[in-house]
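These numbers were taken from a predicted model, which means no experiment stands behind them. All chains are named by letter (A, B, ...) in the order of the sequence lines, taking the proteins before the strands, and each is independently numbered beginning at 1.
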2 protein chains.
Amino acid sequence: MEAKQTILVVDDDKSIVELLRDFLENEGFSVKIAHDAKRALVVLEENAIHALILDIMMPGQSGFELCRQIRAESDVPILFLSARSDDIDKIRGLALGGDDYIVKTASPGEIVARVKAVLRRSHSQPKRNVIDYDRLTLDLSTREVLLDGQSVSLTPKEYDLLRLFAEHPKHVFTYEQLLERFWEGVGDKHTVRVQLSRLREKIEPNPNAPQFIKNVWGIGYCFKGE
Amino acid sequence: MEAKQTILVVDDDKSIVELLRDFLENEGFSVKIAHDAKRALVVLEENAIHALILDIMMPGQSGFELCRQIRAESDVPILFLSARSDDIDKIRGLALGGDDYIVKTASPGEIVARVKAVLRRSHSQPKRNVIDYDRLTLDLSTREVLLDGQSVSLTPKEYDLLRLFAEHPKHVFTYEQLLERFWEGVGDKHTVRVQLSRLREKIEPNPNAPQFIKNVWGIGYCFKGE
DNA sequence: CAAAAAAGTCACAAAACGATCACAACATTT
DNA sequence: AAATGTTGTGATCGTTTTGTGACTTTTTTG
């Protein structure tokens with residue numbers, strides 16, 4: 001007794017778009033098409049879109065940039081589409097807010113399954129804006145951070161960093177990725193270290209033996225959520 | 001049923017580039033051009049490239065060096081292009097990460113066939129980010145290494161070495177190749193031995209009788225994955 | 001079997017890396 | 001404009017990693 005769900009497919013490659021449209025319509029989805037980022041935003045505005053499939057590589061504005069723009073306003077599930085699966089590690093590292101990642105060579109069945117999976121997730125969990133670990137809690141809507149129930153006041157950069165880490169536990173972020181994301185690519189590893197040192201000072205029960213933000217030698221940092 | 005694949009051709013010789021472009025476009029590939037290494041990296045960054053054709057001899061940075069740089073971040077198939085066929089023997093075994101080698105005098109048909117072959121190979125193996133042997137597991141995205149399920153902490157160099165070996169089981173790497181790849185060509189065989197000794201200490205169940213990294217007398221080392 | 005060459009191990013020093021402090025530059029608020 | 005808070009840079013110190021030399025063990029060869 002469900003209404004038809006609408007998926008927006010964004011890719012400049014028409015053959016891929018057609019392919020995906022076939023798969024998805026066969027499974028009972030309604031499909032909208034956009035061939036570039038600008039058009040995608042328009043379609044998104046004018047239709048009730050339940051999920052997006054987004055090509056990373058597109059002429060003009062990239063899928064990355066588009067994702068960021070969409071995320072600024074909406075939490076609609078986004079699936080990234082990439083030609084090469086080794087891109088996917090890089091994308092995960094960038095933590096752009098994609099909900100899943102598909103390789104273009106994936107089978108029709110797999111693609112449809114992934115789409116259904118993110119839809120299921122987004123339905124059952126109508127947006128969680130609190131990240132909760134044993135002792136540490138982030139409220140994403142108010143930017144409030146609690147350590148053992150006590151409010152901790154973080155600067156903007158500290159909070160943004162912590163949020164990225166807390167949203168991706170166990171993932172190793174390289175210095176380069178962090179610089180890319182928080183310092184527009186210009187800057188020094190040292191800057192990252194100092195910033196994280198200050199963050200630890202505030203959120204680590206014992207900053208000398210960090211529990212949450214761990215260093216990975218020669219590479220970068222990683223968040224451990226128990 | 002497949003999307004257009006994009007090939008990046010890197011060669012300073014414009015006539016060769018044009019020739020290759022014609023061949024490949026005739027076969028339905030999309031072709032990008034770069035005349036030097038620097039430009040190639042930019043193009044690679046900005047486009048979804050499915051394979052590279054790389055001239056070995058180029059002014060400035062050589063094809064070797066470029067290949068190494070690319071391999072540091074990606075597993076995109078690389079075909080080397082050389083004027084003389086006797087160069088090619090030298091290149092093979094250098095373990096630079098090239099996937100095939102073409103002589104410049106090869107026929108259009110052969111070149112296209114080679115390109116298609118590497119593409120097929122790279123597709124059928126959708127690039128795993130976990131390398132799994134019976135007792136040893138590498139997670140390429142988190143750089144985590146497990147021995148019998150137990151986490152092993154490796155230094156950056158140890159991990160990089162292990163990864164190379166684990167990715168190319170049964171392949172014999174000479175001291176020279178290892179020095180070339182991990183020590184920028186400067187260094188001593190002794191350094192390699194010590195480094196591998198330390199690595200064995202950590203990953204070999206019995207370091208006195210190595211199971212994974214075996215020595216090849218007088219030549220170098222080799223990884224046995226059962 | 002002995003000598004030579006290659007490989008392995010250990011210990012120590014040099015180099016690279018990470019954490020922290022202090023201070024200056026910059027932005028924000030009042 | 002002063003006060004306050006935030007962020008980047010330089011200096012310093014402790015830690016981890018890595019290269020080198022001395023020494024031992026193993027393998028090859030005559």
Val130(A) side chain near Leu140(A) side chain, heavy-atom distance below 4.5 Å: no
Quickly, which of Ile70(A), Asp36(A), Val10(A) forms a side chain to side chain contact (heavy atoms under 4.5 Å, CB included) with Leu41(A)? Name it, please. Ile70(A)
With heavy atoms under 4.0 Å as the rule, sort Gly218(A) into base, sugar-phosphate or nothing. sugar-phosphate
Taken to the nearest whole Å, OH/Tyr221(B) to C1'/dA7(C) is 6 Å
What is the separation between atom CD1 on Ile213(B) and atom P on dG8(C), rounded to the nearest whole Å? 11 Å
Looking at Arg193(A), does any N or O in its side chain come under 4.0 Å of the phosphate oxygens OP1/OP2 on dG18(C)? yes
Report yes if at least one side-chain N or O of Ser197(B) is closer than 4.0 Å to OP1 or OP2 of dG8(C); otherwise report no. no
Side-chain atoms of Arg200(A) come closest, of dT20(C), dA19(C), dA7(C), to dA19(C)
Ile16(B) and Leu81(B), any side-chain heavy atoms less than 4.5 Å apart: yes
Taking the nucleotide of DNA chain D with the nearest heavy atom to each, does Gln195(A) or Trp183(B) sit closer to the 5' end? Gln195(A)
Gln195(A) side chain near Phe182(A) side chain, heavy-atom distance below 4.5 Å: no
At under 4.0 Å between heavy atoms, what does Tyr159(B) touch on the DNA or RNA strands: base, sugar-phosphate, or nothing? nothing
Provide, to the nearest angstrom, the distance between the CG atom belonging to Leu196(B) and the P atom belonging to dG8(C). 8 Å
With a 4.5 Å heavy-atom cut-off, do Phe212(A) and Glu204(A) have their side chains touching? yes
4.5 Å side-chain heavy-atom contact, Phe80(B) and Leu52(B): no
When the distance from CD of Glu204(B) to P of dA7(C) is rounded to whole Å, what number comes out? 17 Å
Under 4.0 Å: is that the gap between some side-chain N or O of Tyr175(A) and OP1 or OP2 of dG18(C)? yes
In whole angstrom, what separates Glu158(B)'s CD from dA16(C)'s C1'? 15 Å
Answer with base, sugar-phosphate or nothing: what part of the nucleic acid does Phe182(B) contact at a heavy-atom distance below 4.0 Å? nothing
Would you give the length of the straight line joining atom CZ of Arg135(A) to atom CG of Asp148(A), rounded to the nearest 0.5 angstrom? 4.0 Å
Sugar-phosphate, base or nothing in reach of Asn208(A), heavy atoms under 4.0 Å: sugar-phosphate
Atom pair CG/CG of Leu196(A) and Asn215(A) - distance to nearest 0.5 Å: 9.0 Å
I need the CG-C1' distance between Asn215(A) and dA16(C), as an integer number of Å. 13 Å
Distances under 3.5 Å between nitrogen or oxygen atoms of protein and nucleotides 13-15 of chain C:
none

Between protein and nucleic acid, restricted to nucleotides 28-30 of chain C and to nitrogen or oxygen atoms under 3.5 Å apart, what atom pairs and distances do you find?
none

Without decimals, in angstroms, what is the distance between Arg198(A) CZ and dC23(C) P? 14 Å
Whole-Å distance, Asp188(A) CG to dA19(C) P, equals 14 Å
Taking the side chain as C-beta and beyond, is there a heavy-atom pair between Thr155(A) and Lys202(A) under 4.5 Å? yes
Dump the intermediate steps for salt bridge (charged side-chain N to carboxylate O under 4.0 Å, His left out) on Asp12(A) and Arg39(A), then the final yes or no. CA-CA 11 Å; Asp12(A) 61 302; Arg39(A) 179 82 195 127; over 6 Å; no
Under 30°, 30 to 60°, or over 60°: which ring-plane class applies to His171(A) and Phe173(A), parallel, tilted or perpendicular? tilted
Counting C-beta onward and ignoring hydrogens, is there a side-chain heavy-atom pair between Ile7(B) and Lys32(B) closer than 4.5 Å? no
Could you give the start and end, 5' to 3', of the contact zone on DNA chain D for chain A, using atoms under 4.0 Å from its heavy atoms? dT6(D) to dT17(D)
Leu179(A) versus Thr174(A): any side-chain heavy-atom pair under 4.5 Å? no
Base, sugar-phosphate, or nothing for Glu201(A), non-hydrogen atoms under 4.0 angstrom? nothing
Could you pick out which residue, Gly187(A) or Trp217(B), lies toward the 5' side of DNA chain D when each is mapped onto its nearest nucleotide? Gly187(A)
